Engineer: 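Structure provided below as structure tokens; questions to follow.
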Number of protein chains: 2
Amino acid sequence: MSKTYTISDLAQEFGVTTRTLRHYEDQGLVTPARDGINRIYSPRDRVRLKLALRGKRLGFSLGEIRELFELHDLAGSERRQLEEFSVKLERRRTQLEQQREDVEVMLNEIRFFATQCQRRLTEADTPKAPVSDSAA
Amino acid sequence: MSKTYTISDLAQEFGVTTRTLRHYEDQGLVTPARDGINRIYSPRDRVRLKLALRGKRLGFSLGEIRELFELHDLAGSERRQLEEFSVKLERRRTQLEQQREDVEVMLNEIRFFATQCQRRLTEADTPKAPVSDSAA
DNA sequence: CATTGCTTTTACGTAAACGTCAATAACACT
DNA sequence: AGTGTTATTGACGTTTACGTAAAAGCAATG
């Protein structure tokens, strides 16, 4: 009843190849239904794909992403799992906060570089000003 | 005159293996001097390593990191290179801003999960409340 | 009805980033 | 002189995340 998608629909929408989608299925990230032999993706699959791609941008492995999904679907699990996962989450949070800082620093660096480049490109002369080393 | 480091000094400090450091040397990220056959790392190498690891955390490949270093050391290059690089920087900036948003979203997700986990662990009963699907 | 287009599975290939020996060499003791 | 630690250079292995090519099945379309 709700909308469905073909493999190339989603591939195109998210800028990945169909191979990638099949690979993600192999890895258990999406579980499209079948129309005979053809894959049919649900809105849920679409959401998962979106989440998976975000995970990837953040450096999660496909395995880790699958773990997250599994734990998201967990609903009736046991204490042990939750405890383990709680620890994993904490580690990830620390990493993400580090990453947030990294991003800020890098954005500043890039802004600096960009203006440097721009200056050099506009005032196409006064050629001898070396670039400083921004260490720390 | 300024401080130097052995390969395992830096490996330990940054939590990587010596193999990694040699690999980074192969990839042109660091260029330690030699005492006979042994590697001697300068503060400059140390800084580079630090920057390289930050780059890695942000998803840069070793090749891209090397490019950044080369362009950092550039000082007397030609217009073409600068223009090309300017474009690359723009792309990266866009990616990083995306990444910043990703991090924020994911941190919120994690905070949500964490409190969920905590609730379950403290009030070890009232077992039947499924987890909602936070899509978008 | 043959071609074009999209799909499927199977399977080998590959690039990146190291891991993991192995064999060897240089010191540091004791 | 022997033992241990840390270093070196190969060189092959491994994991992840797909790429790519082959062979084949439906479906619409000229």
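This is a predicted model, so every value here is computed, not measured. Numbered from 1 within each chain, the chains take letters A, B, ... in sequence-line order.
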Engineer: When you measure from every atom of DNA chain D, which of residues 15-24 of chain A have a heavy atom less than 4.0 Å away?
Structural biologist: A:Thr17, A:Arg19, A:Thr20, A:His23, A:Tyr24
Engineer: Treating Ile, Leu, Val, Met, Phe, Trp and Tyr as nodes and any side-chain heavy-atom pair under 4.5 angstrom as an edge, say whether A:Val16 and A:Leu58 lie in one connected cluster.
Structural biologist: yes
Engineer: Distance from B:Lys3 atom NZ to B:Ser42 atom OG, nearest 0.5 Å?
Structural biologist: 12.5 Å
Engineer: Do you know which two heavy atoms are closest between A:Val103 and B:Arg100, and how far apart they sit?
Structural biologist: CG1-CB, 3.9 Å
Engineer: Looking at B:Arg66 and B:Glu70, does any basic side-chain N land under 4.0 Å from a carboxylate oxygen?
Structural biologist: yes
Engineer: For residues 2-13 of chain A, which residues have at least one heavy atom under 4.0 Å from DNA chain D?
Structural biologist: none
Engineer: Taking B:Glu104 for its side chain and B:Glu101 for its backbone only, find out whether a donor-acceptor pair lies under 3.5 Å.
Structural biologist: no
Engineer: Contact between A:Leu53 and A:Tyr24 at the side-chain level, heavy atoms closer than 4.5 Å - yes or no?
Structural biologist: yes
Engineer: Taking distance alone, no hydrogens or angles, what donor-acceptor pairs closer than 3.5 Å link side-chain atoms of residues 4-14 of chain A to residues at least two apart or in another chain?
Structural biologist:
| residue | atom | partner | partner atom | Å |
| --- | --- | --- | --- | --- |
| A:Thr6 | OG1 | A:Ser8 | N | 3.4 |
| A:Thr6 | OG1 | A:Ser8 | OG | 3.3 |
| A:Thr6 | OG1 | A:Asp9 | N | 3.1 |
| A:Thr6 | OG1 | A:Asp9 | OD1 | 3.4 |
| A:Thr6 | OG1 | A:Asp9 | OD2 | 3.4 |
| A:Asp9 | OD2 | A:Thr6 | N | 2.9 |
| A:Glu13 | OE1 | A:Arg46 | NH1 | 3.2 |
| A:Glu13 | OE2 | A:Arg46 | NH1 | 2.2 |

Engineer: Is there a continuous path of hydrophobic side-chain contacts, each under 4.5 Å between heavy atoms, that joins A:Phe69 to A:Leu21?
Structural biologist: yes
Engineer: Quick one: side chains of residues 26-41 of chain B, donor-acceptor pairs under 3.5 Å with protein atoms, not counting sequence neighbours, listed by atom name and distance.
Structural biologist:
| residue | atom | partner | partner atom | Å |
| --- | --- | --- | --- | --- |
| B:Arg34 | NH1 | B:Ile37 | O | 2.8 |
| B:Arg34 | NH2 | B:Glu25 | OE2 | 3.4 |
| B:Arg39 | NE | B:Glu25 | OE1 | 2.5 |

Engineer: With a 4.5 Å limit on heavy-atom distance, are the side chains of B:Glu67 and B:Phe60 in contact?
Structural biologist: no
Engineer: Does any residue of residues 33-41 of chain B have a heavy atom under 4.0 Å from DNA chain C, and if so, which ones, in number order?
Structural biologist: none
Engineer: Along DNA chain D, 5' to 3', what are the outermost nucleotides having an atom less than 4.0 Å from a heavy atom of chain A?
Structural biologist: D:dA17 to D:dT20
Engineer: Answer whether the closest heavy-atom distance between the side chains of B:Val47 and B:Arg44 falls below 4.5 Å.
Structural biologist: no
